[in-house]
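Below you'll find the structure, written out as structure tokens, and then a few comments.
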Amino acid sequence: MLNRFRSLSSLINGNWGQFGRPSLYTEPGSRNRTMSAKPFKVLITHPEVPQSGIDLLKENCELFQVQSLPPSRAELLQKIKGVDGVFWGGHDALNAEVLDAAGPQLKSISTMSAGIDYVDLEEVKRRKIPLGHTPTVLNTAVADLAVGLLIAAGRRFHEARRKIDTDNWENYHLNWLLGQDVRDSVIGFFGFGGIGQAIAKRLSGFDIDQVLYTTRRRIDKDTEKELNAKKVEFDELLAKSDFVVIASPLTPATQGIFNATAFNKMKKTAVLINIARGKIVNQDDLYEALKSNRIFAAGLDVVDPEPLPPNNKLLALDNVVILPHIGSATTRTRSDMATIAAHNVLRGLAGERMLSPAY
């Protein structure tokens, strides 16, 4: 995983190395006839895609771009007709309707995201269209935010700010707004891929006691040793963890797995962090667990639905920190994601294996 991340970083910084340039690539300023003819048409489905991705594509492709904001489905379906490649910049449904509108000549798609739960993957596979995505490059940004969210929830930042807003400082109490220590804690990860491991690496600097993780497959022994990590069953993870971090993909098996049954197996002092997908958590059950103090707190960067309505009952609670899905929202990360997505599209158009294929 770390070697793959270094390779992607090298590509983003202009060192194509072992990957080589896609065969349709030509240097800027070249008089190559293929470049001047711009043989491929590519649709960019969002008006705010970082320039790094656009610049890479426009060297060899005729570009079309959705201009409406929020992106209009009608505009997308109109502009996608006849294109050879698609740079999917948002999280709108990528399904048969889209593929039918594009036409049979479509030969390359890449999302600008790590998760692809909004993609009808079976339909894309059935049509044998290469699909790319952009995992790994967002690991650092998401891991940084997860640590911040973990501390904010455990140390009651949201509740404390509300005390200021309502002029209810009670600091004459010696036990006012006491939170949970990260030091000497057990951190449990539901899902322990690149993002989970990046979070664990950062938390090791807080002198945690141990990392537990639940995954389908055990990670390599060297990484386990480095992170003081141990694979356990889900129930043991719930029972022993002081902080539970959800970092798994959304699948039929993971949807709603954090429910009342799971919360009842957690410590009453436990803090739940979700930086994966909102549907992994049953939010009605989470609300009851937080309201009744069955668990101590939660920190959520993902919810269901998104956007979360301002009258949602979770927002009335003091012991939950909710962010609007900003895990990868740094300038550098979004630019890197655009670069990888554009490169995926170019490789698909050239009939080559994508740098970061989704399947």
Side-chain angles (χ1 to χ4, degrees), residues 141-190 199 202-203 206 208-209 237-247 256-327 329:
V142 176
D144 290 349
L145 178 131
V147 172
L149 198 55
L150 184 148
I151 294 170
R155 294 296 302 273
R156 303 168 72 172
F157 283 11
H158 179 61
E159 182 181 0
R161 174 57 192 264
R162 281 187 168 181
K163 295 291 187 184
I164 297 173
D165 291 342
T166 57
D167 195 23
N168 283 314
W169 288 57
E170 300 171 11
N171 55 348
Y172 47 84
H173 290 296
L174 294 181
N175 60 349
W176 191 50
L177 290 174
L178 298 185
Q180 303 299 327
D181 277 304
V182 181
R183 180 185 57 178
D184 294 329
S185 65
V186 175
I187 313 292
F189 288 88
F190 182 73
I199 297 168
R202 283 154 175 74
L203 289 174
F206 288 81
I208 62 175
D209 180 55
L237 181 90
L238 296 173
K240 293 184 176 179
S241 299
D242 298 297
F243 296 86
V244 176
V245 180
I246 303 173
I257 193 170
F258 281 86
N259 53 23
T261 300
F263 298 136
N264 286 334
K265 294 176 181 178
M266 292 170 64
K267 296 181 179 181
K268 287 193 172 183
T269 54
V271 177
L272 178 74
I273 305 298
N274 189 6
I275 46 84
R277 286 291 184 266
K279 288 183 181 293
I280 297 174
V281 176
N282 181 314
Q283 285 182 184
D284 288 333
D285 289 354
L286 176 61
Y287 173 81
E288 294 299 333
L290 291 168
K291 185 179 180 182
S292 65
N293 296 310
R294 181 60 195 79
I295 63 173
F296 185 80
L300 312 174
D301 186 43
V302 290
V303 289
D304 179 38
E306 293 181 1
L308 192 68
N311 61 348
N312 185 275
K313 58 188 178 182
L314 277 175
L315 296 173
L317 298 175
D318 286 333
N319 56 342
V320 58
V321 179
I322 301 179
L323 301 177
H325 204 157
I326 58 172

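Heavy-atom basis, side chains included; hydrogens, waters and symmetry copies ignored.
- At a threshold of 4.5 Å between non-hydrogen side-chain atoms, the residues Asp304 and Ile280 do not count as touching.
- The shortest non-hydrogen separation linking Asp301 to Ile275 is CB-CG2, 4.0 Å.
- Taking every heavy atom of both residues into account, Ala153 and Gly299 meet most closely at CB-N, 3.9 Å.
- Residues Asp144 and Arg202 come closest through the heavy atom pair OD1-NE, 2.6 Å.
- Nearest heavy atom pair, residue Ser241 against residue Ala270, reads O-CB, 4.0 Å.
- By the side-chain hydrogen bond (donor to acceptor under 3.5 Å, both in side chains) test, Gln180 is found to be paired with no residue, residues two or more places apart in sequence or in another chain being considered.
- Summarising the geometry, atom CG belonging to Leu286 is positioned 6.0 Å from atom CG belonging to Leu300; distances are rounded to the nearest 0.5 Å.
- With sequence neighbours excluded, the residues that form a side-chain contact (heavy atoms from CB on, under 4.5 Å) with Asn311 are Pro309.
- Partner of Ser185 under the side-chain contact (heavy atoms from CB on, under 4.5 Å) criterion, chosen from Leu203, Asp242, Asp209: Asp242.
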Taking distance alone, no hydrogens or angles, what donor-acceptor pairs closer than 3.5 Å link side-chain atoms of residues 319-326 to residues at least two apart or in another chain?
unit_1, atom_1, unit_2, atom_2, d
Asn319, ND2, Leu290, O, 3.0
Asn319, ND2, Phe296, O, 3.2
His325, ND1, Glu306, OE1, 2.8
His325, ND1, Glu306, OE2, 3.3

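- In this structure the side chain of Leu177 never reaches within 4.5 angstrom of the side chain of Trp169, judged on heavy atoms.
- Rounded to the nearest 0.5 Å, atoms CH2 (Trp176) and CG (Asn168) are 8.5 Å apart.
- Within a 6.0 Å sphere centred on CZ of Arg156, heavy atoms belonging to other residues, nucleotides or ligands number more than 12.
- Summarising the geometry, atom CZ belonging to Phe157 is positioned 6.5 Å from atom CD1 belonging to Ile151; distances are rounded to the nearest 0.5 Å.
- Residues forming a side-chain contact (heavy atoms from CB on, under 4.5 Å) with Asn175 (at least two apart in sequence, or on another chain): His173, Leu178.
- Within 6.0 Å of the CZ atom in Arg161, the count of heavy atoms belonging to other residues, nucleotides or ligands does not exceed 12.
- Legend: residues meeting side-chain contact (heavy atoms from CB on, under 4.5 Å) with Asn264, ordered by chain and number and at least two apart, are Arg294.
- With rounding to the nearest 0.5 Å, the separation of OG1 in Thr269 from CG in Asn293 is 12.0 Å.
- Legend: residues meeting side-chain contact (heavy atoms from CB on, under 4.5 Å) with Tyr287, ordered by chain and number and at least two apart, are Lys291, Lys313, Leu314, Leu317.
- A distance of 10.0 Å separates CG in Asp165 from CG in Asp167, rounded to the nearest 0.5 Å.
- Aromatic ring pairs are classed by plane angle as parallel below 30°, tilted from 30° to 60° and perpendicular above 60°; the pair Phe258 and Phe190 is perpendicular.
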